[in-house]
Amino acid sequence: MLKQIEGSRAMAEAIALCRPEVICAYPITPQTHIVEGVGELVRDGHLKNCEYINVESEFAALSVAIGASAAGARAYTATSSQGLLFMAEAVYNASGLGLPIVMTLGNRAIGAPINIWNDHSDAMSMRDAGWLQLFAETNQEAVDLHIQAFRLAEELSMPVMVCVDGFILTHAVERIDIPDQADVDAYLPPYEPVQSLDPKDPASIGAMVGPEAFTEVKFLAHYKQTHALKLIPEYARSFRDRFGRESGGLLRGYRADDAEMLVVAMGSICGTIKDVIDEMREEGFKIGLVTLVSYRPFPLAALRDALARASDVVVVEKSFAVGMGGQLADNVDGALRNLPVRPRLHSAVAGLGGRPIPRGSLHRLFRQALVQPWEGVHFLDLNERVIGREIHRTGKNRRSGPTAENILKQLAGGRPAEQGRPG
Amino acid sequence: MSPINEAADRNAAPLAPGETQKLKFYQKGTHTVGNRLVDVDDRAVQSSLDRSNALTCGHRACQGCGEALGARYALDAAMRATGGNLIAVNATGCLEVFTTPYPETSWQLPWLHSLFGNAAAVATGVAAAMRVKGRSNVRVIAQGGDGGTTDIGFQCLSGMFERNDDVLYICYDNEGYMNTGVQRSSATPPAARTATTPAVGDEPGNVFGTGKSVPRIAVAHRIPYVATATVADLHDLERKVVKAMSIRGARYIQIDVPCPLGWGSASHDTIRLARLAVETGFYPIFEAEHGKVTAARKIRKRTPVVEYLKPQKRFAHLFKGGVEDPRVARLQAMCDANIEEYGLVDHHDDDV
Ligand SMILES: Cc1ncc(C[n+]2csc(CCOP(=O)(O)OP(=O)(O)O)c2C)c(N)n1
Ligand code: SF4
Ligand SMILES: [Mg+2]
């Protein structure tokens, strides 16, 4: 049914349609509206047969989900940013135990400095934790990916993180098609665990494994993710067959077939990039986009095939590894590694901590990649004047005070604090 | 022949004439494990067929481990009380490690280990799953050491209490992080030597802090049932576990479990030390319901704390060179305060 609805509310309704049995909730912006939404659906009786547990931390949220899932219940939770870091130990534990928990990650920057706005550094911090990570481009896709996520998780016995851009998706009110219960029920069979805690068949789960088998256990987790590379497109196809729209899959191209320059990006920024591509196409640029939906597993082969004929690849990402560069660019580099003739790779970091990514800046970025390629990583719209002044200021004085505060003062037109006095 | 033995005979694999029964070393001559592999006549009382042996033989605990003993009696009592409809969630620690290096396990009930600090929350999840699956008859125990309970797992524990989730949490209190090689926890007594509170310097051993009694904190949560127990009185422990299982909601039992390795005590002194901890007032044994202390186990023979301290190497520095450290008096004062607070000695027959 078509609804004019907030993204978070739409996701909450989609999650409820998946009939989770245990939901653990802990508030953090920008994910909060989702758990509030499912909570209401449990309370008002829309979602029956579900335990909604208000926990005392994200670590507890995922731990409760771990217990519930190990005992055979379909379990769901959601978080963002600091919350994901707070549950980090349990994130690895859930995948290590092979528990098909689905978690929404309302993508938000990680502090310090504390920042509630969108970027992808939270998702990237857990990129190696053994979860599937799927990125939604639109709120419609966010709805649809949750339904696919439960099926993928349970088929593979692996947890899935559905990554949705904080505010840009979670708080946007727009027209979204909420599937029917009957269709979701037909698409998503009841959860049949491979093993569960049951007094009738007592098993010890989660015991110690030594060097004699640890490598094999880890390899099999990797093997499962490579198997997911087949399942993700397959389930996206069966989703299309039932629900009549394209959502999910490993990746998809936009005006990519004849493109000489291909942009690679994830999440909601792809919408803006498509607009820029349309504009540049009108000016005669042969430019296209590859939207990556599945970041984990990383579709090395599919991406290589998609990018192989381009001469330039520009990776635009909302996160980077300090001291190294863009994580996505690094992974894309890995996909191109063995091509006999490989495209030039340009890495750009944009939208950190919620900074807008305007079309004009993208236009300049893509043109610059052609005429004036850069080494390493380019920070879109970096305020170089402020940076220069701050480097100069901190170089003058050891007790130079807090950088973040001084930069804000500069931007407000004030004078930076001098010596010892953190303004 | 008792009905139990008849049943046993039906189950026992018949031996061919002249054949001798092959036993592993840990199966022989032991009265501490419920060994049903030996001949009926040789079996100890522990091998009663009524006994679930939830924690069975073959685990790798040190000789005289109080934690292994406490866990076995606690879980067997809970198994009896629930008709075997029981799931255990275990925090990381000695109990987890010595019972389960894959592919071996000593657990004869469904058992899950997730992490060090989340046992209470994981147990909440298991209980929620059972409820939602219409299997509320299946009950859940979370268990961990003092470190996993009073320190790193404290937040999850308090959350589970406050929501009154249907979980019995059992803390095996050996007063230190034993699995990692005997470090200080918030349950380590003042002056005790551990690897991180070495017996060197002006005030050797652990500091005199303010103390952290999780049983008292549990009482402050007004949960339906809180008890402390000791491996020196296994019947009392069993009674408390059975009582806990008769109640729904959050319950907490903390058991004093001497650790020969960590305390530097003789393996055969585990029970004696546990008893002395009670008789000196060092470890008050009490019960509380809904925020009110309802019972305390009286001291039978009030004993000075030195008698508890002296057999343990972790306190040896308090008596170095035959001189008693003045901090022994402070430890005695702690015991006296416990005795006063919980009324552990009836004043009319106080024989001190
Ligand atoms: C997050 C985390 N920190 C530290 C450890 C290391 N660790 C494992 S067991 C343990 C000590 C356990 O002490 P306690 O809970 O008292 O149980 P005991 O071994 O004494 O029975 C420690 C520190 C860990 N596994 N996980
Ligand atoms: S170190 Fe202590 S708690 Fe651990 S197995 Fe040995 S005696 Fe038991
Ligand atoms: Mg301990």
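In what follows, chains carry the letters A, B, and so on, assigned in the order in which the sequence lines appear, proteins first and then strands, with residues in each chain numbered from 1. A quick note: this is a predicted structure, and the numbers were derived from the prediction, not measured.
Enclosure of atom OH in A:Y223 is not indicated, since only 12 or fewer non-hydrogen atoms of other residues, nucleotides or ligands lie within 6.0 angstrom. More than 12 heavy atoms of other residues, nucleotides or ligands lie within 6.0 Å of NZ in B:K212, so this atom counts as buried by the packing criterion. Shown here is A:L220, whose CG atom has more than 12 heavy atoms of other residues, nucleotides or ligands within 6.0 Å. Within 6.0 Å of atom CD in B:Q63, 12 or fewer heavy atoms from other residues, nucleotides or ligands are found, so the atom counts as exposed in its surroundings. Under a cut-off of 6.0 angstrom, the local environment of NE2 in B:H221 is crowded, with over 12 non-hydrogen atoms contributed by other residues, nucleotides or ligands. The number of heavy-atom neighbours closer than 6.0 Å to CD of A:E216, taken from other residues, nucleotides and ligands shown, is above 12. Dense packing is recorded around NE2 of B:H290, with more than 12 heavy atoms of other residues, nucleotides or ligands lying under 6.0 Å away. By the neighbour-count criterion of 12 heavy atoms within 6.0 Å, atom CZ of B:R222 is sparsely surrounded, having that number or fewer from other residues, nucleotides or ligands.
Between B:E162 and A:E56 the shortest side-chain heavy-atom distance does not fall below 4.5 Å. Annotation: side chain of B:N85 is in contact with side chain of A:P199 (closest heavy-atom distance under 4.5 Å).
For the set A:A94, A:S57, A:G67, A:A65, the entry with the most heavy-atom pairs within less than 4.5 Å of chain B is A:G67. The choice from B:V122, B:V97, B:V89 that makes the most heavy-atom pairs within less than 4.5 Å of chain A is B:V122. Interface remark: of the candidates B:G117, B:S158, B:G134, B:A120, B:G117 forms the most heavy-atom pairs closer than 4.5 Å to chain A. When each of A:A73, A:A70, A:G210, A:S204 is checked for heavy-atom pairs under 4.5 Å with chain B, A:S204 comes out on top. In terms of non-hydrogen atom pairs under 4.5 Å with chain A, the most contact-rich of B:A123, B:A129, B:P110 is B:P110.
To the nearest 0.5 Å, the span separating CE on A:M208 from OG1 on B:T99 amounts to 10.0 Å. Interatomic distance, OG1 of B:T124 versus CD of A:E51, reported as 10.5 Å (0.5 Å rounding). Taken to the nearest 0.5 Å, the CD1 atom of A:I205 stands 9.0 Å off from the CD1 atom of B:I87. Annotation: the span from B:K133 atom NZ to A:S196 atom OG amounts to 8.0 Å, rounded to 0.5 Å.
With a threshold of 4.5 angstrom between heavy atoms, B:V132 approaches chain A through its backbone and through its side chain. Neither the backbone nor the side chain of A:A213 has a heavy atom closer than 4.5 Å to any heavy atom of chain B. For a residue to count as touching a neighbouring chain, one of its non-hydrogen atoms must lie under 4.5 Å from one of that chain's; by this rule B:A128 touches chain A with backbone and side chain alike. Of the atoms belonging to A:A60, heavy atoms from both backbone and side chain fall under 4.5 Å from chain B. Looking at A:V22, the atoms closer than 4.5 Å to chain B (heavy atoms on both sides) all sit in the side chain, from C-beta outward. Both the backbone and the side chain of A:N49 come within less than 4.5 Å of a heavy atom in chain B. Proximity to chain B (any heavy atom under 4.5 Å) is shown, for A:C24, by neither the backbone nor the side chain. With a threshold of 4.5 angstrom between heavy atoms, A:L197 approaches chain B through its backbone and through its side chain. Proximity to chain A (any heavy atom under 4.5 Å) is shown, for B:V140, by neither the backbone nor the side chain. Both the backbone and the side chain of B:L112 come within contact range of chain A, with heavy atoms under 4.5 Å apart.
In terms of heavy-atom proximity, A:F59 sits nearest to B:C156 at CD2-SG, 3.9 Å. Shortest non-hydrogen contact noted between A:A71 and B:M130 is CB-CE, 3.8 Å. Here the closest non-hydrogen pair linking B:R163 and A:N54 is CD-O, 3.2 Å.
The main-chain N or O of A:A207 is never found under 3.5 Å from a side-chain atom of B:H113 such that the two would form a donor-acceptor pair.
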